[in-house]
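Both counts, for ligands and for their atoms, begin at 1 and track the order of listing.
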Amino acid sequence: MKIPPVKGTRDFYPPDMAIRNWIIDGWKKVSLRNGFEEYDGPIFEYLQMYQIKSGDEIIEQLFSFKDRGDRDLALRPEITPTLARMVNQKISSLPLPIKWFSVPRLFRAERPQKGRLREFFQWNVDIIGVEGALADAEVIFCALDYLREVGLTPRDIVVKISSRKLLASILEKMGIADKRLESLYPVLDKKDKAPEGEFKQMLNKKVADAKIADKIQEFMEIKVISDIKKIIEPDDKINEAIDKIAVLFDWLKRMGVVEYCQFDPGIVRGLAYYTDIVYEIYDKRGELRAIGGGGRYDDLLKQFGGPEVPATGFGMGDCVLGLMLEERGLLKPKPTGTDYFIACVEPEQTLQDAVKIVAELRTKGYSADFSYKSASLSRQLKQASAQNAKKCIILGDELKNNELVVKDMTTSKQKRIKIDAFFAELNPPKAD
Ligand code: HAM
């Protein structure tokens with residue numbers, strides 16, 4: 001019986017691996033040019049870490065297990081709790097602000113579907129220690145810097161932005177007490193994710209007064225911030241939240257990415273720890289789940305036993321992004337290729353010389369390969385083309401004179417050269 005891969009996981013055959021590397025290399029390059037440093041943590045942590053502040057949805061999706069010492073552990077479903085733990089651990093010696101990024105492999109026991117798997121990679125970009133909206137703008141810019149570079153325009157994607165502070169102060173004014181908010185957020189987060197009827201049912205279960213439930217939905221559907229007045233008379237808290245959103249949009253405008261961004265109070269985020277600005281990035285065709293999402297989580301470090309330090313950041317998965325880029329013909333993995341392919345006219349007689357040359361080329365830093373099979377020269381040249389070899393070294397009769405033939409695989413031009421001269425040309429001795 002052939003054993004299949006576990007549901008919701010992926011096998012990365014070399015062409016898939018080339019795509020994965022291309023995506024991750026792009027994320028890393030953009031993070032570095034935006035001034036972020038890379039970090040990582042363990043793939044499993046104490047289960048308790050995800051029970052502190054991530055919310056019920058994540059808890060339900062944990063792959064958890066006991067170690068031999070009967071400790072409860074879980075595979076990481078996200079890296080933000082690890083980041084909070086790591087920063088807290090060294091808070092007295094780490095200079096603030098911290099600008100860190102990571103590309104963790106994550107695990108969530110979700111029902112696998114298009115763009116949602118049980119194992120995936122997620123680009124994380126976070127700034128810790130900066131309070132103002134400029135830091136939120138900077139992480140959003142970083143996400144867009146990447147998405148723009150791979151060829152996605154404002155016609156393809158949108159960053160939908162809102163604020164939990166705005167939502168909380170509006171709900172508070174509608175009479176919903178602070179304590180109920182935390183359990184209401186995951187329901188509101190489903191507004192555009194669950195079927196309309198289902199959302200309404202969930203909302204009515206949480207908010208018994210149908211008039212208030214309708215008002216909440218009305219608020220979540222407004223398109224321009226000034227329309228808030230049509231639903232509720234803004235108080236100081238509401239105005240403060242509105243001002244912060246305006247400042248964020250102003251920064252995004254200065255950074256030249258505002259045309260990707262849109263105010264959308266329907267964005268709430270599923271995770272429990274967000275405190276203020278929140279956003280999700282979507283494909284405008286609207287068929288897929290979010291490409292990425294994030295926001296401000298100013299209380300998380302404190303919840304993890306540290307001091308009160310403001311923080312903001314986002315996560316972007318490789319699955320939805322990969323699908324989107326594939327649909328649009330924007331996947332451009334680096335072409336694979338060999339610098340030199342060594343072919344033998346008489347493999348039985350010259351394989352040893354070929355292997356010696358291959359080893360020497362590799363030692364000098366060139367990629368080099370040869371055929372294990374004792375095949376005809378034309379078959380070996382076919383293999384060289386299939387491997388995208390730039391040059392082919394042909395070992396034939398000339399070897400008796402210590403010479404080899406170098407064939408340029410793009411121009412098909414050939415030249416005879418002494419083996420010593422060939423290596424000397426490759427690595428001319430430094431004139432000192
Ligand atoms: P999240 O919204 O849970 O946020 O995940 C962010 C992104 O990760 C999603 O938009 C999606 O692209 C990808 N993702 C999530 N679950 C899956 C899945 N099962 N399969 C494939 N892709 C998935 C967080 O994880 C936050 N910790 C992000 C963050 C960082 N907030 C602040 N800093």
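From the protein, the heavy atom lying nearest to atom 20 (N) of ligand 1 is Leu117 N, 2.9 Å. If you check which protein heavy atom lies closest to atom 33 (N) of ligand 1, you get Asp126 OD2, 2.8 Å. The nearest protein atom to atom 10 (O) of ligand 1, hydrogens excluded, is given as Gly292 CA, 3.2 Å; this is a heavy-atom distance. Counting only heavy atoms of the protein, atom 15 (C) of ligand 1 lies nearest to Arg108 NH1, 3.3 Å. Nearest non-hydrogen protein atom to atom 11 (C) of ligand 1 is Arg116 NH2, 3.4 Å. Protein heavy atom in closest approach to atom 22 (N) of ligand 1: Phe120 CD1, 3.5 Å. Nearest protein heavy-atom neighbour of atom 24 (C) of ligand 1: Leu271 CD1, 3.5 Å. Of all protein heavy atoms, the one lying nearest to atom 1 (P) of ligand 1 is Arg269 NH2, 3.5 Å.
Near Thr80, with a cut-off below 4.0 Å to any heavy atom, the atoms of ligand 1 are 26 (C), 27 (N), 29 (C), 30 (C), 33 (N). Listed by atom number, the atoms of ligand 1 under 4.0 Å from Ala290 heavy atoms are 10 (O), 11 (C), 12 (O). For ligand 1, the atoms lying closer than 4.0 Å to a non-hydrogen atom of Asn124 are 30 (C). Here is the list of ligand 1 atoms found below 4.0 Å of a heavy atom in Tyr274: 26 (C), 28 (C), 29 (C), 31 (N), 32 (C). Heavy-atom contacts of Glu78 reach the following atoms of ligand 1: 25 (O), 26 (C), 27 (N) (cutoff under 4.0 Å). For ligand 1, the atoms sitting less than 4.0 Å from at least one non-hydrogen atom of Gly293 are 10 (O), 28 (C), numbered in the order shown with element in parentheses. Counting the atoms of ligand 1 from 1 in the order shown, those under 4.0 Å from a heavy atom of Gln122 are 5 (O), 6 (C), 7 (C), 8 (O), 24 (C), 25 (O). Those atoms of ligand 1 with a heavy atom of Glu110 less than 4.0 angstrom away are 16 (N), 17 (C), 18 (C), 19 (N).
Shown here is Lys66, whose NZ atom has more than 12 heavy atoms of other residues, nucleotides or ligands within 6.0 Å. Atom NZ of Lys302 sits in a sparse spot, with 12 or fewer heavy atoms from other residues, nucleotides or ligands closer than 6.0 Å. Summarising the local packing, CD of Glu221 is surrounded by more than 12 heavy atoms from other residues, nucleotides or ligands at distances under 6.0 Å.
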So Lys190 and Glu198, salt bridge (Lys or Arg N to Asp or Glu O under 4.0 Å) or not? Walk me through it.
CA-CA 9 Å; Lys190 293 285 170 285; Glu198 210 176 288; over 6 Å; no
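The shortest distance between side-chain heavy atoms of Lys99 and Glu138 falls below 4.5 Å.
Residue-level proximity to ligand 1 for Tyr297 is carried by the side chain, the only part with a heavy atom below 4.0 angstrom.
The distance from atom CD1 of Ile291 to atom CD1 of Ile157, rounded to the nearest 0.5 Å, is 5.5 Å. For the atom pair OG of Ser102 and CD of Glu38, the computed distance is 6.0 Å after rounding to the nearest 0.5 Å.
Between Phe314 and Trp123, the ring planes lie perpendicular to each other; the angle is over 60°, past the 30° to 60° tilted range.
Taking the six-membered ring for Trp and the full ring otherwise, the centers of Phe141 and Trp251 sit at least 6.0 Å from each other. You'll find the ring centres of Trp100 and Phe36 outside the 6.0 Å limit.
The closest approach between any non-hydrogen atom of Gly115 and ligand 1 is below 4.0 Å. Heavy atoms of Tyr273 come nearer than 4.0 angstrom to ligand 1 in at least one pair.
Taking both residues in full, the closest heavy atoms of Leu75 and Leu62 are given as O-CD2, 4.2 Å, listed atom of the first, atom of the second, then distance. For the pair Arg180 and Val207, the tightest heavy-atom approach, listed with the atom from each and the gap, is NH2-CA, 4.1 Å. The nearest pair of heavy atoms linking Tyr297 to Gly313 is CE2-N, 3.8 Å.
When the heavy-atom distances from atom 12 (O) of ligand 1 to Leu321, Val320, Ile291 are ranked, the shortest goes to Ile291.
Note: no N/O pair closer than 3.5 Å links Ile79 and ligand 1 by distance alone.
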